[in-house]
Amino acid sequence: MCICTSAGLSAQSNDVPIDSSLVQFSGLVLDGTGEQLTPIPYAVVVVKSDQRGTYANLEGFFSIVARKGDTIAFSALGYEDAEYIIP
């Protein structure tokens with residue numbers, strides 16, 4: 001299982017206090033075992049510290065709010081589980 005990710009933080013107004021440890025974590029869950037990267041549809045994406053999660057869509061895309069240092073677990077039927085720690 002190959003995981004391509006990006007993370008960012010944005011705010012709409014300076015009046016709202018910002019928790020700088022929060023990130024919008026998103027990316028693609030991909031199968032990199034063949035000659036070509038292919039999406040893994042409906043892979044499960046879970047923030048391990050609080051057992052919140054989401055699913056990747058048909059194209060393997062996911063997005064979830066997490067904290068810096070959180071461990072994100074990825075799983076899908078027929079694939080070995082993977083984890084990623086948000087820097």
Side-chain angles (χ1 to χ4, degrees):
M1 185 180 305
C2 177
I3 306 158
C4 298
T5 63
S6 66
L9 176 68
S10 64
Q12 295 179 353
S13 170
N14 290 341
D15 299 334
V16 178
I18 298 173
D19 183 348
S20 63
S21 69
L22 292 177
V23 293
Q24 183 70 39
F25 183 67
S26 57
L28 295 170
V29 183
L30 302 170
D31 179 350
T33 58
E35 291 183 20
Q36 197 172 5
L37 294 176
T38 55
I40 300 175
Y42 311 114
V44 178
V45 182
V46 176
V47 179
K48 287 182 73 172
S49 62
D50 56 3
Q51 295 298 307
R52 277 183 315 103
T54 189
Y55 291 95
N57 68 8
L58 186 61
E59 290 84 28
F61 178 80
F62 70 92
S63 186
I64 192 168
V65 175
R67 294 187 184 281
K68 294 176 184 176
D70 276 347
T71 300
I72 310 299
F74 299 86
S75 61
L77 259 169
Y79 292 92
E80 191 173 316
D81 292 352
E83 291 185 351
Y84 178 78
I85 299 173
I86 297 178

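Throughout, numbering of the chain's residues begins at 1 and tracks the sequence. These numbers come from a predicted model, not from an experiment.
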What orientation do Phe62 and Phe74 show, parallel under 30°, tilted 30 to 60°, or perpendicular over 60°?
perpendicular
Keeping to residues at least two apart or across chains, list the salt bridge (charged side-chain N to carboxylate O under 4.0 Å, His left out) pairs with something in residues 54-69.
Asp19-Arg67
More than 12 heavy atoms of other residues, nucleotides or ligands under 6.0 Å from CG of Leu77: is that the case?
no
Review item, side-chain donor-acceptor pairs of residues 36-49, under 3.5 Å, at least two apart:
from: Lys48; atom 1: NZ; to: Glu83; atom 2: OE2; distance (Å): 2.6
from: Ser49; atom 1: OG; to: Asp70; atom 2: OD1; distance (Å): 3.4

Name all residues meeting the side-chain hydrogen bond (donor to acceptor under 3.5 Å, both in side chains) criterion together with Thr54; count only those two or more places apart in sequence or in a different chain, and write none if there are none.
none
Going by the rule side-chain hydrogen bond (donor to acceptor under 3.5 Å, both in side chains), which residues pair with Arg52 if we only count those two or more places apart in sequence or in a different chain?
Asp50
Hydrophobic cluster identity match, Phe61 and Tyr55, side-chain contacts under 4.5 Å:
no
Are any non-hydrogen side-chain atoms of Leu22 and Val65 less than 4.5 angstrom apart?
yes
